[in-house]
Amino acid sequence: MSHELPKAYDPSAIEQRWAEYWVREKLFHVETPATPDHDHTFTLLLPPPNVTGRLHMGHMLNQTEMDIIVRWHRMRGFHTLWLPGTDHAGIATQMMVERQLAKDGKKRTDLGREKFIERVWEWKEEYGGAILEQMKRLGASVDWERTFFTMDANLSRSVREAFVRLWEEGLIYRGAYIVNWCPRCVTAISDLETIHEETPGKLWEIRYPVIGMEGEFITVATTRPETMLGDTAVAVNPRDKRYEHLHGKKVRLPLMNREIPVILDELAQPEFGTGAVKVTPAHDPNDFQAGLRHGLEQIRVMDEHAMMNENAGLYAGHDRYEARERIVHDLQEQGFLVGTKDYTVPLGKCDRCKTIVEPRLSTQWFVAVNKEPKSGGPSMAQIARDVVEQGYVKFTPENYKTIYLNWMENIHDWCISRQLWWGHRIPAWHCAECREIVVSRDEPKQCTKCGSSHLEQDTDVLDTWFSSGLLPASPFGWPEATADARAFYPTTLLITGFDILFFWVARMIMMNAFFMWRDHSDPSCLKSAVPFENVYIHGLVRDADRQKMSKTKGNVLDPIEVINQYGTDATRFTLASMASPGTDIAFNEQRVEGYRAFANKIWNAARFMFMNVDKLAEMGVTVDAPKVCHPERSEGSLSSASGLSSFTAATLEDRWILSRFNRVAQEVDESLKAYRFDEAANRVYSFFWGEFCDWYVELIKPRMFELESDAGKQTAKTACQNTVVMFEAALRLLSPMMPFITEEIWHAIYDGKPPVESIALAPYPQPDPAQMNADAETEMAILQDLIVATRNIRAELKVEPKVKVPVEIHASTPQVREMIEHNRGALERLANVESVAFVDAAPQQSANVRSTTRFDVRVVYEQKIDKAAEGERLKKEVEKLEKERSNAERQLGNQNFLAKAPAHVVEGLKKRSGELEVLLEKAKAALGQLGC
RNA sequence: AGGCGCGUAGCUCAGUUGGUUAGAGCGCUACCUUGACACGGUAGAGGUCAGCGGUUCGAGUCCGCUCGUGCCUACCA
């Protein structure tokens with residue numbers, strides 16, 4: 001093989017190419033298996049981004065985590081499907097197109113519903129794929145062939161099916177209730193889409209004169225005085241003695257001059273304020289309920305834009321806040337305003353446009369989540385609780401289980417209708433003759449009640465989350481029991497952010513579990529009804545100062561720009577290395593720089609490897625590329641081998657790196673099983689850089705460079721072969737986290753003729769206990785200590801870097817001595833040592849000596865040293881050792897400790913105590929030698 | 001108003017069921033262009049684990065309180 005990697009690592013030169021290759025070759029496409037095999041299938045649904053979306057850091061974190069898990073499973077031989085799609089995003093998309101129309105001075109009503117929807121589809125075709133294109137640059141290994149859209153024909157069919165079934169079960173109802181209304185979006189929104197913010201406001205106290213009782217008033221308080229125009233009663237608590245004399249009376253509503261009754265209702269709480277409350281059934285949810293209890297008239301005083309309407313008397317035509325000012329002014333003028341207080345109100349705002357929500361009486365469609373279906377069985381919320389309580393859906397981190405159950409416990413009916421045009425139109429038709437509502441999967445020809453053919457479809461569309469709540473069953477063809485559904489449902493895992501836990505995760509569990517459970521032939525089987533078996537919830541990506549990224553703050557980082565600057569691999573690795581469960585990520589560009597350096601390190605290690613392979617090739621010595629088998633994907637069985645069968649463990653460093661690799665492979669597997677992306681990333685990082693590059697490569701260099709004799713060439717061949725084999729395996733280990741650079745180097749190792757089309761299809765290294773070697777690790781640790789100690793003395797003595805020095809070594813045992821003798825070359829090379837001499841007695845302590853329990857090493861070098869600094873260093877060490885020793889002595893002298901602590905802890909401490917004696921003695925001797 | 005979480009080196013964070021010497025990256029200091037890499041190498045400085053009290057042979061880890069800080073949920077005028 002002959003390889004020419006460019007001198008500098010340049011991610012932009014390779015990443016685009018591989019991203020396109022993976023898509024073009026359909027490498028991550030999976031067929032539907034003929035026979036389902038859930039134990040060896042891994043399915044994951046991409047939380048579908050909005051068609052209006054642009055990729056942000058949150059997406060990138062989410063997708064990096066998913067891609068790592070997906071690639072890891074795929075390489076371990078699972079039949080792996082990562083299903084992508086986009087969401088039609090009702091309000092957001094409609095707003096986008098409306099804005100486009102506004103540029104031509106047009107409104108959607110100018111076009112009419114049909115033409116407008118056509119425009120939205122055109123928009124979607126043109127711009128809707130942008131975010132998916134961006135995803136490709138991240139290397140997301142999704143099955144592009146299966147990309148869905150929530151308004152595709154088959155998904156729309158699922159939506160209609162779900163709606164009709166819920167209607168038939170009596171779980172969908174329509175009626176006039178108070179809903180959260182956004183006057184800017186001109187639609188109802190759900191409770192969840194209303195965000196509450198404590199906002200400073202005012203509390204106005206107004207007195208209503210009691211009719212027939214001159215000089216008598218009832219004082220009420222309100223934060224929204226404009227609603228008083230719609231008051232139809234004043235409520236007092238029946239137990240409230242203060243108002244007993246007013247029972248059955250009427251009051252005159254100021255400004256409107258309307259007579260309204262004093263009613264007795266628990267709505268009014270004696271402890272709060274004056275104990276009397278104005279009742280506005282058309283503009284407040286509590287008042288609405290009270291209104292129903294007392295048969296009060298509902299007077300709407302605002303229109304859908306929150307402008308005061310014809311019922312608002314003098315104030316008609318004014319905006320709600322303008323009207324408020326005028327009303328307060330007029331009340332003051334007319335002597336009805338008793339007081340004004342500062343007051344903090346929890347204001348509801350529209351999640352999308354931040355407009356203050358107006359509670360509004362309007363006719364909407366609702367899902368009764370707590371109600372039992374007509375044909376029997378538990379409610380939707382009940383099933384949603386059951387599947388989680390019984391562990392069929394597992395949350396990581398676990399505390400989200402409690403949060404979820406808590407929310408599910410207090411869940412209210414869900415308003416699912418929206419007064420928009422873009423979305424799934426409600427499959428209900430109103431009879432023009434008899435007002436009957438006909439709910440149907442297909443457009444009905446005639447009214448089921450009176451037979452009239454004058455039917456008009458309801459104009460509302462469904463909440464976007466109604467359709468996404470049917471994922472992942474819908475793209476698999478629900479309600480049909482398709483082969484896809486059998487093979488891939490329930491999905492294995494869902495990875496998402498906590499911000500959509502209630503919006504989406506909870507609704508998916510609720511809707512899927514409800515329908516699948518009822519579909520199931522064996523209804524006791526909740527296990528197979530769930531939409532996914534595991535949920536992993538990750539944190540938020542914040543800026544470097546832990547601030548939430550937001551457009552208004554201007555601290556939003558565009559992942560594509562970060563990628564352009566540092567490369568996708570480095571950016572992915574950064575996110576992975578910081579993704580510790582349960583915590584947010586403070587995204588720091590310096591960190592990305594560090595991981596770009598890591599990629600560069602790998603790149604250069606590869607160049608070193610290829611340089612030597614090529615040098616040998618020129619001498620006629622061939623180094624073979626390692627053989628890698630294709631994971632047996634149809635079987636789904638895990639490849640048990642580390643892929644290191646052609647590694648020759650000839651020397652200590654060989655045995656050591658082989659052992660370390662297997663141990664690291666094990667740790668990475670364990671980390672990923674627990675979604676510890678940070679641990680997995682850090683393990684691979686420190687292995688590749690801190691062990692493979694810093695030690696192994698340095699240690700084998702002598703073997704690589706001695707090419708004079710035939711024997712030398714053979715030694716070099718083995719060393720080189722080992723490097724290639726180890727490198728190749730390490731690439732596979734790293735590949736899920738850094739798919740691009742690993743793919744590039746991997747193909748280079750195989751000289752463009754790899755055993756499979758992609759490293760992503762090669763087997764993931766699995767730990768092999770037979771290749772682990774505790775002795776080699778211990779010996780290597782001693783050798784490393786020896787080298788570091790020697791370097792340490794050199795630095796302390798300020799030996800010129802280029803000067804080689806002789807050392808004397810006293811080994812604690814013959815075995816240690818033998819090991820050092822075997823590896824004296826390493827010591828000479830890595831610590832710049834001229835010669836090694838072994839001595840029988842431990843050398844006298846001095847600044848030239850370092851001691852451990854295994855060896856003493858003395859550098860033979862005469863140089864005036866900084867006595868003060870050396871003394872300082874030794875004093876510190878003695879202090880530290882003494883403190884530790886006294887701790888140990890105290891513990892070991894404690895009968896309770898000896899009796900209660902586990903044996904290995906006691907043993908360990910005894911051993912350490914012995915070591916401390918030796919080390920302390922030596923350190924003290926050194927200090928004495930120094931004359932301190 | 002309820003609920004949850006966090007506070008460990010200058011910065012960003014690890015620290016698994018309490019167990020011997022609290023770690024990493026970046027930054028910092030000194031030295032080094034050694035035949036892959038200055039996006040590099042070698043050595044080093046830096047922590048009373050927010051504070052107080054308790055449980056325990058033993059606490060960064062468990063419990064209580066205090067201070068600081070962040071988030072979620074909620075129809076009280």
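In this text, all values refer to a predicted model and were calculated from it rather than measured experimentally. Just so it is clear: chains get the letters A, B, ... in the order the sequence lines come, proteins before strands, and each one is counted from 1.
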[X] side chain, from C-beta outward: closest of [options]:
X	options	value
A:Gln590	B:rA74, B:rA14, B:rC26	B:rC26
A:Lys900	B:rU12, B:rC75, B:rU56	B:rU56
A:Tyr685	B:rG25, B:rU73, B:rU12	B:rG25
A:Asn588	B:rU12, B:rA36, B:rG5	B:rU12
A:Ala586	B:rC37, B:rC13, B:rA14	B:rC13
A:Thr583	B:rG41, B:rC57, B:rA14	B:rA14
A:Asp694	B:rG41, B:rG35, B:rC72	B:rG41
A:Glu698	B:rU20, B:rA36, B:rC75	B:rA36
A:His196	B:rA74, B:rG19, B:rA36	B:rA74
A:Glu884	B:rC4, B:rC57, B:rU21	B:rU21

Heavy atoms under 4.0 Å, any strand shown: does [X] hit a base, just sugar-phosphate, or nothing?
X	result
A:Gly594	nothing
A:Arg676	sugar-phosphate
A:Ala268	base
A:Val788	sugar-phosphate
A:Tyr343	sugar-phosphate
A:Arg607	sugar-phosphate
A:Leu540	nothing
A:Pro359	nothing
A:Trp204	nothing

Salt bridge [X]-[Y], side-chain N to carboxylate O under 4.0 Å:
X	Y	answer
A:Glu915	A:Arg912	yes
A:Arg224	A:Glu358	yes
A:Arg854	A:Asp785	no

Scanning both residues in full, the closest heavy-atom pair of A:Ala748 with A:Phe610 reads CB-CZ, 3.6 Å
In terms of heavy-atom contacts, A:Met738 and A:Ala599 come closest through CE-CB, 4.4 Å
Checking only heavy atoms, does the side chain of [X] share a donor-acceptor pair with the base of [N] at less than 3.5 Å?
X	N	result
A:Gln269	B:rC76	yes
A:Lys701	B:rA36	yes
A:Asn894	B:rC57	no
A:Arg794	B:rU42	no

Does [X] place a side-chain N or O at less than 4.0 Å from the phosphate oxygens OP1/OP2 of [N]?
X	N	answer
A:Lys601	B:rG41	yes
A:Lys802	B:rU33	yes
A:Arg791	B:rC31	no
A:Trp695	B:rU42	no
A:Asn792	B:rG44	yes
A:Ser580	B:rC13	no

- Message: In whole Å, measure the gap between the P atoms of B:rG53 and B:rU61 for me.
- Response: 14 Å
side-chain contact (heavy atoms from CB on, under 4.5 Å) test vs A:Leu909 passes for just one of A:Gln891, A:His904, A:Glu889, namely A:Gln891
Between A:Tyr685 and A:Ser577, is a side chain to side chain donor-acceptor pair (under 3.5 Å) present by the stated rule, with each step listed? CA-CA 9 Å; A:Tyr685 178 93; A:Ser577 72; over 6 Å; no
For the residue pair A:Phe395 and A:Tyr404, does the interplanar ring angle fall in the parallel (under 30°), tilted (30 to 60°) or perpendicular (over 60°) class?
tilted
(request) Would you please classify the geometry between the A:Phe692 ring and the A:Phe688 ring as parallel, tilted or perpendicular, with 30° and 60° separating the classes? (result) perpendicular
Heavy-atom nearest nucleotide on RNA chain B taken for A:Arg829 and for A:Ile787; more 5' hit belongs to A:Arg829
Sorted by position of nearest nucleotide on RNA chain B, 5' first, the leading residue of A:Ala597 and A:Asp584 is A:Asp584
Note, RNA chain B 5' to 3' with Watson-Crick or G-U pairs under 3.5 Å encoded as ( ), [ ], | and . gives (((((((..((((.....[...)))).(((((.......))))).....(((((..]....))))))))))))....
Taking everything shown except A:Glu706 itself, do over 12 heavy atoms lie less than 6.0 Å from its CD? no
